[in-house]
Number of protein chains: 2
Amino acid sequence: MDQDKAVAALAALAQDTRLSVFRLLVKAGPDGMIAGSLAQAMDVPPSTMSHHLAKLEQAGLAISWRTSRLIHYAADYAGMQALLGFLMADCCQGDPQMCDSLLSSIRCDAVSEGAPA
Amino acid sequence: MDQDKAVAALAALAQDTRLSVFRLLVKAGPDGMIAGSLAQAMDVPPSTMSHHLAKLEQAGLAISWRTSRLIHYAADYAGMQALLGFLMADCCQGDPQMCDSLLSSIRCDAVSEGAPA
DNA sequence: ATGACATTTCGAGAAACGTAAAAATATCGA
DNA sequence: TCGATATTTTTACGTTTCTCGAAATGTCAT
């Protein structure tokens, strides 16, 4: 992950529809979702969704594969991991505690926002 | 952190100069850096840097304060934390292991990219 | 007060982005 | 092969974003 790739990944997520799609894919897991279902879920035309999905895939945040006529999209966890690592790099230089407290609040069993019980 | 704020924060980071500035601020720590120094460091005019800094601050990723004629900018760790938490929400539904492996690679003592020895 | 310094606000042009209809491509069933 | 389905590519237009000079604002020393 270099600067350019990070900017591309962040730009891919910095759009309402795409951010929603990405989070939907994160929740959906490795099996992913069908392109058409995503277009329906987000209430946008197929061509618009295709454009967004292409951007997510180019940014390394989603992967796709075909099953007969259907195209599956799933979150690219490796890409997400690389992006977060890039953002967090050097975060704790001189103060590991600060970084630790930041990360601990993100741990799955500690996430509270965006994941209502 | 809601969807709109997350999009704003991601958009703030999805720009070459601003991403560099943010990472510089993350490295600089709580004392932050002076606006003019950031303009020099990034080689952009003061007005351009001011525009970028305003966007980072509006996005909740930076804070600023004045010391006589100088204006300090520092990374807003709480904002960064909220954004990462939002992105990670629901990441491990049904598969906590996947989320754990993702986070463990981000831990400060495991960061390798972007932080050359 | 006046001038010098640090930064922001305003304004305008160029470039990039989001949207979606229309046409093209790919796959399947009959 | 033909039509139907699923998706992408092409193309176009309106909007937003980026950039930076010029002017305005805030601060300090004299």
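Only heavy atoms go into these numbers, but all of them, side chains included; no hydrogens, no water, no symmetry mates. Letters go in sequence order (proteins before strands), and every chain restarts at 1. Every value quoted in this text rests on a predicted model; they were computed, and no experiment measured them.
Distances shown here put every side-chain N or O of B:T48 at or beyond 4.0 Å from the OP1 or OP2 atom of D:dT19. The phosphate of D:dT8 (OP1 or OP2) has a side-chain N or O of A:Y73 nearer than 4.0 angstrom.
Taking CD1 from A:I63 and OH from A:Y77, the interatomic distance works out to 9.5 Å, rounded to the nearest 0.5 Å.
The separation between B:E57 atom CD and C:dT8 atom P is 9 Å, rounded to whole Å. Residue A:R18 contributes atom CZ, which lies 12 Å from atom C1' of C:dT19 at whole-angstrom precision. Going from atom CG of A:L38 over to atom C1' of D:dT7 covers 12 Å, rounded to whole Å. In this structure, B:I71 atom CD1 and D:dT27 atom C1' are separated by 10 Å, rounded to whole Å. Per the geometry, CG belonging to B:L70 stands 19 Å off P belonging to C:dA4, to the nearest Å. Taking atom CD on A:Q15 and atom P on D:dT16, their separation rounds to 13 Å, with Å as the unit. When rounded to the nearest whole Å, the span between CE of A:M49 and C1' of C:dA21 equals 17 Å. A:R69 has its CZ atom 15 Å from the P atom of D:dT8, to the nearest Å.
Along DNA chain C, the nucleotide nearest B:R66 and the nucleotide nearest A:R66 are compared for position; the residue whose nucleotide lies closer to the 5' end is B:R66.
Contacts of B:H52 with the nucleic acid, taken as non-hydrogen atoms under 4.0 Å apart, involve only primed sugar atoms and P, OP1 or OP2. Residue-level contact check: B:P45 touches the backbone only, with heavy atoms under 4.0 Å from sugar-phosphate atoms and none from bases. Across all strands shown, B:S47 has heavy atoms under 4.0 Å from base atoms, whether or not it also approaches the sugar-phosphate.
Between the side chains of B:H72 and B:S64, not a single donor N or O lies within less than 3.5 Å of an accepting N or O.
With C:dT19, D:dT8, C:dT27 as the candidates, the nucleotide lying closest to the side chain of A:A35 is D:dT8.
Within the 4.5 Å cutoff, the side chain of B:L19 has heavy atoms near those of the A:Q3 side chain. At a threshold of 4.5 Å between non-hydrogen side-chain atoms, the residues B:L61 and B:L25 do not count as touching.
When atom types are taken as modelled, the side chain of A:R18 and the backbone of A:A12 share a donor-acceptor pair closer than 3.5 angstrom.
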